[in-house]
Amino acid sequence: MANVLITGASSGIGEQLAKDYAIDGWRVIACGQSEERLRMLQESSNNIHTIKFSVTDTDEVMQAVAKLPQIPKLIILNAGTCEYIEHGRIDIALFKRVFDVNVFGLLNCIQALQESFDVNTHLVIVGSTASYIPLPRAEAYGASKAAVAYIANTLALDLEHLGVKVTLVSPGFVKTPLTDKNDFAMPMLVTPQFASQKIRQGIATGKTEIHFPFQFSLILKLIRLLPSSLQLAVIKRMTGRK
Ligand SMILES: NC(=O)c1ccc[n+]([C@@H]2O[C@H](COP(=O)([O-])OP(=O)(O)OC[C@H]3O[C@@H](n4cnc5c(N)ncnc54)[C@H](OP(=O)(O)O)[C@@H]3O)[C@@H](O)[C@H]2O)c1
């Protein structure tokens, strides 16, 4: 039986991945913080074993990893958070909260797991299409996910000598508790089931980059190629900014 470790498995995309891998016969180590949601997830399948820790706490992450009888070769680092700034005003506390989970939380997990990395390891890191282009109010979230993308792409180079495969996942809008808070239109919103299917398919076929929905990510990638002034004009129009 193959094993997979998933962070951020107590909700949204990670929860769906955990359930789908379990149905496919994988043994899933599902990580999160919410005891109640982890309990329900564990009760949903004999193939799911849950562990609770905060990715922001370096020692807690180290201890949780040290307790694992065996570290899975497929590791999906998906835990994340999103907060938007208001009226272009920088809020350091907000930036720190977002970077603490999305960037330092990711690094805490990699640091704790890296001694187990070998030629069979597949490290999957969840970023966001928000890192492709500047989006209104996403200074903290977009910058954190740009850092995540940079880390993933650089690790793909630097871990090559060990034979470690690194995949960056960049979802568009997915309907989860994270996006349920959004008060703006979310074009081409997809379900967690769709996201899970795309991610699992991409992992199974050994993709270095997984992005979806295709049309949405393609449009953002094309906008990214424009000169900055034109890029901003298109983004303003696209997001209804005057
Ligand atoms: N939904 C989208 O449209 C979208 C788009 C692009 C990228 N993403 C990325 O996809 C990933 C999953 O997002 P989602 O939409 O599924 O969000 P979600 O439903 O809010 O789930 C977030 C998960 O991350 C966990 N998490 C947050 N802070 C944590 C911490 N300090 N320690 C441990 N776990 C923590 C949460 O656990 P608890 O709830 O137990 O704290 C939860 O399991 C995130 O990295 C997000 O940035 C999402």
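Worth knowing before you read on, the calculation uses all heavy atoms, side chains too, and leaves out hydrogens, waters and symmetry mates. As the structure lists them, so they are numbered: ligands from 1, and atoms in each ligand from 1.
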(request) Of the side chain and backbone of Met186, name the one, both, or neither that has a heavy atom under 4.0 Å from an atom of ligand 1. (result) neither
(request) Of the side chain and backbone of Thr179, name the one, both, or neither that has a heavy atom under 4.0 Å from an atom of ligand 1. (result) side chain
(request) Report the part of Ser170 in contact with ligand 1, treating N, CA, C, O as backbone and CB onward as side chain, heavy atoms under 4.0 Å; options are side chain, backbone, both, neither. (result) neither
(request) Could you pull out, from Tyr141, Phe212, Phe53, the option with a heavy atom nearest to atom 46 (C) of ligand 1? (result) Tyr141
(request) Would you indicate which of Glu35, Arg37, Glu36 comes nearest to atom 39 (O) of ligand 1 when only heavy atoms are counted? (result) Arg37
(message) Looking only at protein heavy atoms, which one is nearest to atom 19 (O) of ligand 1, and what is the separation?
(response) Ser11 OG, 2.6 Å
(message) Is the contact between Val101 and ligand 1 made by the side chain, the backbone, both, or neither, using heavy atoms and a 4.0 Å cut-off?
(response) side chain
(request) State if Thr81 counts as touching ligand 1 under the rule of any non-hydrogen atom under 4.0 Å. (result) no
(message) Looking at every non-hydrogen atom in both residues, tell me the closest pair between Ser54 and Glu60 and how far apart they are.
(response) N-OE1, 2.9 Å
(message) Quick check: Tyr141 with Phe95 (ring centres under 6.0 Å apart)?
(response) no
(message) Using heavy-atom distances only, which candidate in Ser131, Gly80, Gly8, Gly12 approaches atom 22 (C) of ligand 1 most closely?
(response) Gly80
(message) If hydrophobic clusters are built by linking Ile, Leu, Val, Met, Phe, Trp and Tyr wherever their side-chain heavy atoms come under 4.5 Å apart, do Phe53 and Val103 end up in the same one?
(response) yes
(request) Can you figure out which of Cys109, Ser10, Ser128 has its heavy atom closest to atom 40 (O) of ligand 1? (result) Ser10
(message) As a check for students: among Gly105, Ser54, Ser34, Gly127, identify the option with a heavy atom nearest to atom 7 (C) of ligand 1.
(response) Gly127
(message) Within the 4.0 Å heavy-atom shell around Val174, which atoms of ligand 1 are there?
(response) 1 (N), 2 (C), 3 (O)
(message) Yes or no: does Gly172 have any heavy atom under 4.0 Å from an atom of ligand 1?
(response) yes
(request) Check the surroundings of atom CD in Gln215: do more than 12 heavy atoms from other residues, nucleotides or ligands lie under 6.0 Å from it? (result) no
(request) Heavy-atom distances under 4.0 Å are what count here, so tell me which part of Thr176 touches ligand 1: side chain, backbone, both or neither. (result) side chain
(message) Going by the closest heavy atom to atom 29 (C) of ligand 1, which one wins out of Lys52, Glu60, Gln33?
(response) Gln33
(message) Here's a test for you: under side chain to side chain contact (heavy atoms under 4.5 Å, CB included), which of Ile203, Leu168, Val126 qualifies with Ile210?
(response) Ile203
(message) Ring-plane angle category for Phe173 and Phe216, please: parallel below 30°, perpendicular beyond 60°, tilted otherwise.
(response) tilted
(request) Starting at CG of Leu74, measure out to OH of Tyr21 and round the result to the nearest 0.5 Å. (result) 5.0 Å
(request) Give yes if a backbone or side-chain nitrogen or oxygen of Thr56 is under 3.5 Å from a nitrogen or oxygen of ligand 1, and no if not. (result) no
(request) Please indicate whether any nitrogen or oxygen in Pro171 is less than 3.5 Å from any nitrogen or oxygen in ligand 1. (result) no
(message) Within the structure provided, determine whether Met188 and Ile219 are in side-chain contact (heavy-atom separation under 4.5 Å).
(response) yes
(request) Please say whether Ile13 places an N or O atom under 3.5 Å from an N or O atom belonging to ligand 1. (result) yes
(request) Could you tell me whether some N/O pair between Gly32 and ligand 1 is separated by less than 3.5 angstrom? (result) no
(message) Less than 4.0 Å is my threshold; does some heavy atom of Ala9 fall inside it relative to ligand 1?
(response) yes
